[in-house]
Number of protein chains: 2
Amino acid sequence: MDSTNLREALRDYIKKFIHLSEEEFELLCDLFSYRKLEKREHLIKAQERCDRIIFTANGYFRFYHWNDKGIEITSDFYFVPSYTSFLTGDPSLVNVQAMESMEVLEISKSDLEKLYVKSRNIETLARKLAEMIAINSERHLFLLLGQTAETRYKELMEKYPQYIQSIPLQYIASYLGITKESLSRIRKSIH
Amino acid sequence: MDSTNLREALRDYIKKFIHLSEEEFELLCDLFSYRKLEKREHLIKAQERCDRIIFTANGYFRFYHWNDKGIEITSDFYFVPSYTSFLTGDPSLVNVQAMESMEVLEISKSDLEKLYVKSRNIETLARKLAEMIAINSERHLFLLLGQTAETRYKELMEKYPQYIQSIPLQYIASYLGITKESLSRIRKSIH
DNA sequence: GAATATATTTGACAATTGTTAAAAAAATCA
DNA sequence: TGATTTTTTTAACAATTGTCAAATATATTC
């Protein structure tokens with residue numbers, strides 16, 4: 001996949017949310033810059049401020065931080081690096097790392113805000129993205145709350161089988177709120 | 001607090017997000033309707049579709065659902081009843097209940113969408129609300145993941161002492177992902 | 001204020017999950 | 001391919017949390 005293909009993927013992605021005119025899409029696209037990421041490369045590290053949004057068509061990012069005991073906790077697999085930091089301007093609580101080598105388009109917060117003023121549709125797009133992110137978090141919360149670890153894992157298998165296939169189990173475990181050893185036991189007891 | 005006061009509280013609340021002209025605020029206000037809720041009254045029940053946003057200046061709502069075993073799980077204390085259902089149009093997964101008798105202003109989704117067309121600022125307000133809700137969920141997620149129950153409780157005490165004071169502990173426990181008995185033990189061991 | 005309902009705590013025990021250290025399996029890289 | 005790194009599994013044991021049933025405490029209602 002090269003820069004042009006990625007651009008087309010972005011176009012398809014945006015179509016799911018809103019119809020942009022060709023001019024609007026060009027306006028937006030011109031402010032995105034293309035970049036290659038190495039596997040394990042960090043998009044952002046904890047304490048840094050996140051001032052951009054990333055689009056990618058291949059691969060996931062991993063969000064992680066360290067708890068009180070210094071254990072690494074994976075909190076999400078997503079594509080907007082530290083959305084909270086992006087919105088608030090506060091330092092990011094999470095590290096965001098490319099799970100595989102990938103190509104991305106990135107746009108800065110300030111450029112995006114300029115576009116809001118120029119194009120109403122682009123602001124509407126931003127609203128719908130925020131809504132989608134809110135829905136995503138709510139879904140993760142719902143998964144975590146009030147279910148046993150086994151149920152959580154089964155639900156993830158059903159709803160996001162691609163996660164289980166492409167993401168190391170140690171990170172899945174963390175996303176489910178358990179240790180990798182616990183997940184391993186659960187997998188054993190299921191099969 | 002009467003209808004007029006609630007309206008002023010709404011004005012103050014909105015100011016935190018965006019400056020609306022007096023005309024825009026009137027436009028918005030006219031579509032909100034005033035309503036009194038009894039303690040324990042449900043704003044929405046699971047399986048219903050949520051087609052409105054609520055504003056209140058006094059009191060919380062409780063979001064809850066039942067897990068596989070029929071145990072009641074409290075997932076949030078918030079003021080937009082089932083935001084996911086509101087956005088997607090899908091049936092709500094949660095019940096939303098007034099924690100105390102309160103007065104609210106409510107606006108329907110269709111009215112709100114009409115306003116988006118009439119006023120750009122009101123759409124911007126909607127974007128900022130979505131962003132705030134996304135941040136809220138992320139914060140809750142972060143609290144749940146990778147910390148012991150005791151740490152979670154202490155963190156909640158620090159950051160949201162008003163929750164501990166005004167919300168029954170059984171619901172707090174659930175919000176922290178544990179049983180009321182566990183929370184009771186934790187409180188005992190802390191004091 | 002007494003009666004009733006709701007919320008919180010307690011204790012004994014069971015089940016789940018975490019911890020540690022090590023082995024086995026799989027993936028990566030030169 | 002072979003060596004190295006990373007990931008996953010295993011096992012024994014410890015710690016945490018859940019379950020159930022009952023007692024206490026608190027709040028609500030008439």
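First the proteins, then the strands, lettered A, B, ... as listed; each starts at 1.
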Measuring from the side chain of [X] (C-beta onward, heavy atoms only), which nucleotide among [options] has the closest atom?
X	options	value
A:Gln170	D:dT8, C:dT9, C:dT17	D:dT8
B:Lys69	D:dT19, C:dT8, C:dG11	D:dT19
A:Ile186	D:dT17, C:dT17, C:dT9	C:dT17
B:Arg152	C:dG11, D:dT17, C:dA7	D:dT17

How would nucleotides 24-30 of chain D be written as a contact map, 5' to 3', with B for base contact, S for sugar-phosphate-only contact and - for no contact, using protein heavy atoms under 4.0 Å? ----S--
Does the ring centre of B:Tyr171 sit less than 6.0 Å away from the ring centre of B:Tyr64? no
For the ring pair B:Phe55 and B:Phe32, is the centre-to-centre distance below 6.0 Å? no
Would you kindly give the [atom1]-to-[atom2] distance between [X] and [N], to the nearest whole Å?
X	N	atom1	atom2	value
B:Gln147	C:dG18	CD	P	14 Å
B:Asn67	C:dT16	CG	C1'	15 Å
A:Leu176	D:dT8	CG	P	13 Å
A:Ile172	D:dT7	CD1	C1'	13 Å
B:Ile190	C:dT9	CD1	P	12 Å
A:Arg187	C:dA24	CZ	P	19 Å
A:Glu72	D:dT6	CD	C1'	13 Å
A:Arg62	D:dT7	CZ	C1'	13 Å

Tell me, with the steps shown, if A:Glu150 and A:Lys154 meet salt bridge (charged side-chain N to carboxylate O under 4.0 Å, His left out). CA-CA 6 Å; A:Glu150 184 175 324; A:Lys154 283 179 174 166; 3.1 Å; yes
Hey, are B:Arg127 and B:Glu123 close enough for a salt bridge, meaning a charged N less than 4.0 Å from a carboxylate O? no
Taking only Lys NZ, Arg NE, NH1 and NH2, and the carboxylate oxygens of Asp or Glu, determine whether B:Glu8 and B:Arg11 approach each other closer than 4.0 Å. yes
Within residues 177-185 of chain B, those residues having any heavy atom closer than 4.0 Å to DNA chain C are B:Lys180, B:Glu181, B:Ser184, B:Arg185
Looking only at side-chain N and O atoms, does [Y] offer a donor or acceptor that is under 3.5 Å from a partner on [X]?
X	Y	answer
A:Arg7	A:Tyr34	no
A:Ser174	A:Glu72	no
A:Arg185	A:Ser182	yes

For residues B:Pro91 and B:Gln47, determine if any side-chain heavy atom of one lies less than 4.5 Å from a side-chain heavy atom of the other. yes
Polar side-chain atom of B:Arg49 near backbone of B:Gly89 as donor-acceptor pair, under 3.5 Å: yes
Using modelled atom types only, decide if a donor and an acceptor are shared between the side chain of A:Arg152 and the backbone of A:Leu176 within a distance under 3.5 Å. yes
Is atom CD of B:Glu38 surrounded by more than 12 heavy atoms (other residues, nucleotides or ligands) closer than 6.0 Å? no
Would you work out how much the helix from C:dG1-D:dC30 to C:dA30-D:dT1 bends between its ends, with each end axis defined by five base pairs, to 10 degrees? 60°
